[in-house]
Amino acid sequence: MTSEPINKTDKTVALFNLNNMPYNNRELSWMDFNLRVLDEAGKKDNPILERCNFLAITASNLDEFFMVRVAGVIDRFHRGVNTKDASGLTPKCLLEKLTVKIHEFAKLQYSCYNRSIIPSLKANGITFKAMNELDGNQQGFVEDYFKKIVFPVLTPMAVDTSRPFPLLANKSLNIAVMLTNADNEELFAVVQVPSILPRFIELPSSDGRCFILLENIITAHLGELFELYNIKKCDAFRITRDSDLDIDEDTEDLMAEIKKSIRRRKRGEPVRLEFSKKSDKEIRNFLIDALEVSEDEIYIQKGPLDLTFLSKFSRISGCDELRFEPIVPVNPPAEFCENENIFEAIRQKDRMVHHPYESFDVVVDFVRKAAVDPKVLAIKQTLYRVSGNSPIVAALIKAAENGKQVTVLVELKARFDEENNIQWANKLEKAGCHVIYGLTGLKTHCKICLIVRKDDDGIRRYLHMGTGNYNDSTAKIYTDTGIFTCREEYGIDASSLFNVLTGYSFPPEYNKFIVAPNGMRTFFEAMIMQETENAKKGLKASITAKVNSLVDPQIISMLYDASNAGVKINLIVRGICCLVPNVKGYSENIKVISVIGQLLEHSRIFIFENNGNPLYYMGSADWMPRNLDRRVELVFPVEDEDLKVRVQEIVDVIFKDTTNARKQLNDMTYVNVDKRGKKKLSCQKHFSKLAEKAQKNAMKSTYINTIGTPIVPIKKEETQK
């Protein structure tokens, strides 16, 4: 790969916002992030099926972007809002820029699919076939598959004076059909491609592996659905709808209100209408009128619609050599090798885990063991996003059944996880847990679990606090950090936080915790200001932050002031970055990199130099207005000296990455980091090897410690167990 700018679609110089400081628009910056993901799909160093997955991620990302962010801009434009956002753009101006950028991005997506993905798959013996390319054996297979599997689940929907245009599901793939009857009258119908069936079907083949897309099979057999009519023409199309929930939180029943909002989501206004390249103009015009979309909302794609199918395709069996070597979490993490009793291990010292290099099972076991431990009195936990078959929730239910006092805050407003969280909330309540749905007007995004245990020397509070969700599925592909501790001051803070979440307690003065929305903004502003003052005095001053997004204008303004004062600022920002580095007079001391790789970078880490005595923090919050002002977030200090070394090592290694790191330039483009004179390094693979090595050393040490201990005869009855 060269060091050419990755986001070639826009080489605009740094935007200046209303406060006359460099500030990139949030939506435009997000498009640049998705372009970095697309770059991974075209990177020939990546295995081909991983490239398929990266392309699928860009499509899934773009779907959600339309459903929430673009839909919001369109809504403001239609309501006549003319005020400028933080970047100085009105909704009209932003919509114009976004339209150009998204259309160009879609072209790059399908160029990648047609020119890079398909040829590379073919080179590895994998092909997608059209109906006219099938041999006799394959045709017979498709005929049989259609009759036995596909035909029974299809529902053709006519559109005429007695049957209005159907309400088509968001993101559903459909086939529009123009028909003529015996009197040569034109009719219109819609056939939905059933999402319950696999999107791609493997064909019998003696030469490599062959696949066909489901919509191609349906299109070839439309005549069997409309036997009394002549099929004049047909085209695939896809609708994306406004899916942001409008929730009335003043309602007496929040769960019922959210259920109503979820139903309204399915009827949201269309914000994008996609057609394939060869779509018929007459069909297009009919659908444009029926769905009331504008020309700017129409996307003509040069390939199959909805590339998200490539995510499942990337996991086809028998092709492990065409994927990344898996990163296998070590279990147990080195921190817990020396002691099987997790509570005893935490009493000895603070423990840190780095997922997914170290298994998330240790977090699950923390709750599981508490659920059956007779000494545990209570468990309190926040849940934002959990997996579909969550072992954490199962453990909490078990704890309640065992008579523990279990309190769970389930955030029902977690976007696109609302239905899943409603189901879990109901199950937890039925099991006897005390369930809280969150706070009015705020999302509870903090990640914390508190276990109250009656130890031999008295009541002790054990904590797990992290940067990621209590989700065992995403914990395998998201990088996150977490800490276990039983420090008394942390325990007191945790109890106070849960009292705020579950009752009417006024937010206290915390000993160690930094909690949004009441104290986090002032904390970060004070820390940045302190580094600025230290730099002005000639003292050691630097700021290092690893976040998912950097949007907040006030934080950015203060970072610019710090940079001008001489503070060295190093930022790892995976996604949206509204700050513009290396602009003369503003950000000459600021470096920004983004890491897009095999795993999704998700941990949040903050380090302040503090005149040679660095202060380390981690937590759930990004530097965005929503995290600082409109959510319950938790950031906590890392005080154990050994763990401080580990945290520092994490950010140091990331800044040495030469494989997946990209550097942001002052024109808001990104380039691959300069590899000249540097070793090839993937920080993610490095951390995986580091975890394996640490575990081996810890186990070796444990083994050595057992040498010389008396061997006790095993009783006969014990051998039967």
Side-chain angles (χ1 to χ4, degrees), residues 327-370 381-384 386-387 390-392 395 446-451 462-487 490 494 546 599-606 616-620 634-651 653-654 683-699 702:
I327 290 175
V328 180
V330 299
N331 193 21
E335 290 276 358
F336 295 92
C337 281
E338 296 181 12
N339 202 320
E340 291 184 6
N341 186 314
I342 194 167
F343 298 110
E344 186 176 328
I346 298 169
R347 282 198 301 274
Q348 290 171 358
K349 69 188 297 289
D350 292 353
R351 306 286 178 168
M352 176 177 162
V353 282
H354 192 188
H355 309 302
Y357 318 108
E358 297 171 309
S359 176
F360 187 75
D361 286 352
V362 70
V363 181
V364 176
D365 287 344
F366 181 59
V367 186
R368 274 183 180 154
K369 289 176 180 176
Q381 187 162 10
T382 59
L383 297 178
Y384 189 73
V386 294
S387 64
S390 173
I392 292 276
C446 58
K447 327 294 183 183
I448 183 170
C449 179
L450 166 64
I451 291 172
Y462 295 84
L463 294 179
H464 172 267
M465 304 168 290
T467 66
N469 296 308
Y470 289 106
N471 187 316
D472 57 295
S473 295
T474 57
K476 296 171 184 174
I477 55 174
Y478 288 17
T479 74
D480 274 302
T481 52
I483 283 183
F484 296 90
T485 185
C486 61
R487 291 175 184 250
Y490 286 64
K546 181 180 185 294
L599 305 170
L600 184 141
E601 290 293 330
H602 193 254
S603 56
R604 290 93 164 184
I605 296 171
F606 309 92
Y616 295 82
Y617 298 87
M618 58 177 65
S620 62
L634 172 61
V635 166
F636 50 90
V638 180
E639 297 192 336
D640 182 275
E641 293 302 321
D642 293 337
L643 300 190
K644 288 180 182 179
V645 172
R646 286 194 66 188
V647 174
Q648 186 66 55
E649 182 181 38
I650 289 172
V651 296
V653 170
I654 292 174
C683 64
Q684 295 179 350
K685 290 182 179 178
H686 177 85
F687 290 135
S688 180
K689 292 176 182 176
L690 210 62
E692 290 175 6
K693 183 179 178 181
Q695 188 202 42
K696 286 178 182 177
N697 290 341
M699 286 184 164
T702 304

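L463 CG to R487 CZ: the interatomic distance, rounded to the nearest 0.5 Å, is 11.5 Å. Between R347 atom CZ and I342 atom CD1 the span is 11.5 Å, to the nearest 0.5 Å. For the atom pair OG1 of T481 and CD1 of I650, the computed distance is 6.0 Å after rounding to the nearest 0.5 Å. Atom CD1 of I451 is separated from atom CZ of F343 by 4.5 Å, given to the nearest 0.5 angstrom. A distance of 5.0 Å separates CD in Q381 from CD1 in I392, rounded to the nearest 0.5 Å. A distance of 5.5 Å separates CD1 of I483 from CG of L643, quoted to the nearest 0.5 Å.
In this structure the side chain of F687 never reaches within 4.5 angstrom of the side chain of T479, judged on heavy atoms. Using a 4.5 Å heavy-atom cutoff, the side chains of L634 and K447 are not in contact. Residues L599 and I327 are in side-chain contact: their nearest non-hydrogen atoms beyond the backbone lie under 4.5 Å apart. In this structure, the side chains of I346 and F366 come closer than 4.5 Å at one or more pairs of heavy atoms. Taking the side chain as every heavy atom from C-beta outward, D642 and K349 approach each other to under 4.5 Å.
Of the possible polar contacts, none joining the S359 side chain to the P329 backbone as a donor-acceptor pair under 3.5 Å is found. Between the side chain of Q695 and the main chain of V330, no donor-acceptor pair closer than 3.5 Å is present. Checked by atom type and distance alone, the side chain of K546 pairs as donor or acceptor with a backbone atom of S603 at under 3.5 Å. With hydrogens and angles disregarded, a donor-acceptor distance shorter than 3.5 Å links the side chain of R604 to the backbone of T467. Of the possible donor and acceptor atoms, none in the side chain of Y490 sits under 3.5 Å from a partner among the backbone N and O of F636.
When the side-chain hydrogen bond (donor to acceptor under 3.5 Å, both in side chains) test is applied to T485, the partners found at least two apart in sequence or on another chain are D350. Annotation: side-chain hydrogen bond (donor to acceptor under 3.5 Å, both in side chains) contacts of Y616 (sequence neighbours excluded): Q648.
The 12-atom threshold is not exceeded at CD of E340, counting heavy atoms of other residues, nucleotides or ligands nearer than 6.0 Å. Summarising the local packing, NZ of K644 is surrounded by more than 12 heavy atoms from other residues, nucleotides or ligands at distances under 6.0 Å.
Under 4.0 Å is where a charged nitrogen must lie from a carboxylate oxygen, and between E358 and R351 no such pair does. Under a 4.0 Å N-O distance rule, the pair R646/E649 does not qualify as a salt bridge.
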Between T474 and F360, is a side-chain contact (heavy atoms from CB on, under 4.5 Å) present by the stated rule, with each step listed? CA-CA 10 Å; T474 57; F360 187 75; over 6 Å; no
Could you check F484 against V353 for side-chain contact (heavy atoms from CB on, under 4.5 Å), going step by step and ending with a plain yes or no? CA-CA 8 Å; F484 296 90; V353 282; 4.0 Å; yes
Hey, mind stepping through Y357 and L690 against side-chain contact (heavy atoms from CB on, under 4.5 Å) and telling me if it holds? CA-CA 8 Å; Y357 318 108; L690 210 62; over 6 Å; no
Please lay out, stage by stage, how I448 and T382 fare under the test side-chain contact (heavy atoms from CB on, under 4.5 Å). CA-CA 6 Å; I448 183 170; T382 59; 3.9 Å; yes
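V653 and C683 get closest at one heavy-atom pair: CG1-CB, 3.8 Å. Across C449 and Y470, no two heavy atoms sit closer than the pair N-OH, 3.2 Å. Between P391 and V364, the closest heavy-atom pair is CB-CG1, 3.8 Å. Closest approach of H464 and G482 over heavy atoms only: NE2-CA, 4.0 Å. Across all their heavy atoms, P356 and A475 have their closest contact at CB-O, 3.1 Å. When all heavy atoms are compared, the tightest approach of F606 to V635 is CE1-CG2, 4.3 Å.
Side-chain contact check for H355 and D480: no donor-acceptor pair (N or O, by modelled atom type) lies under 3.5 Å.
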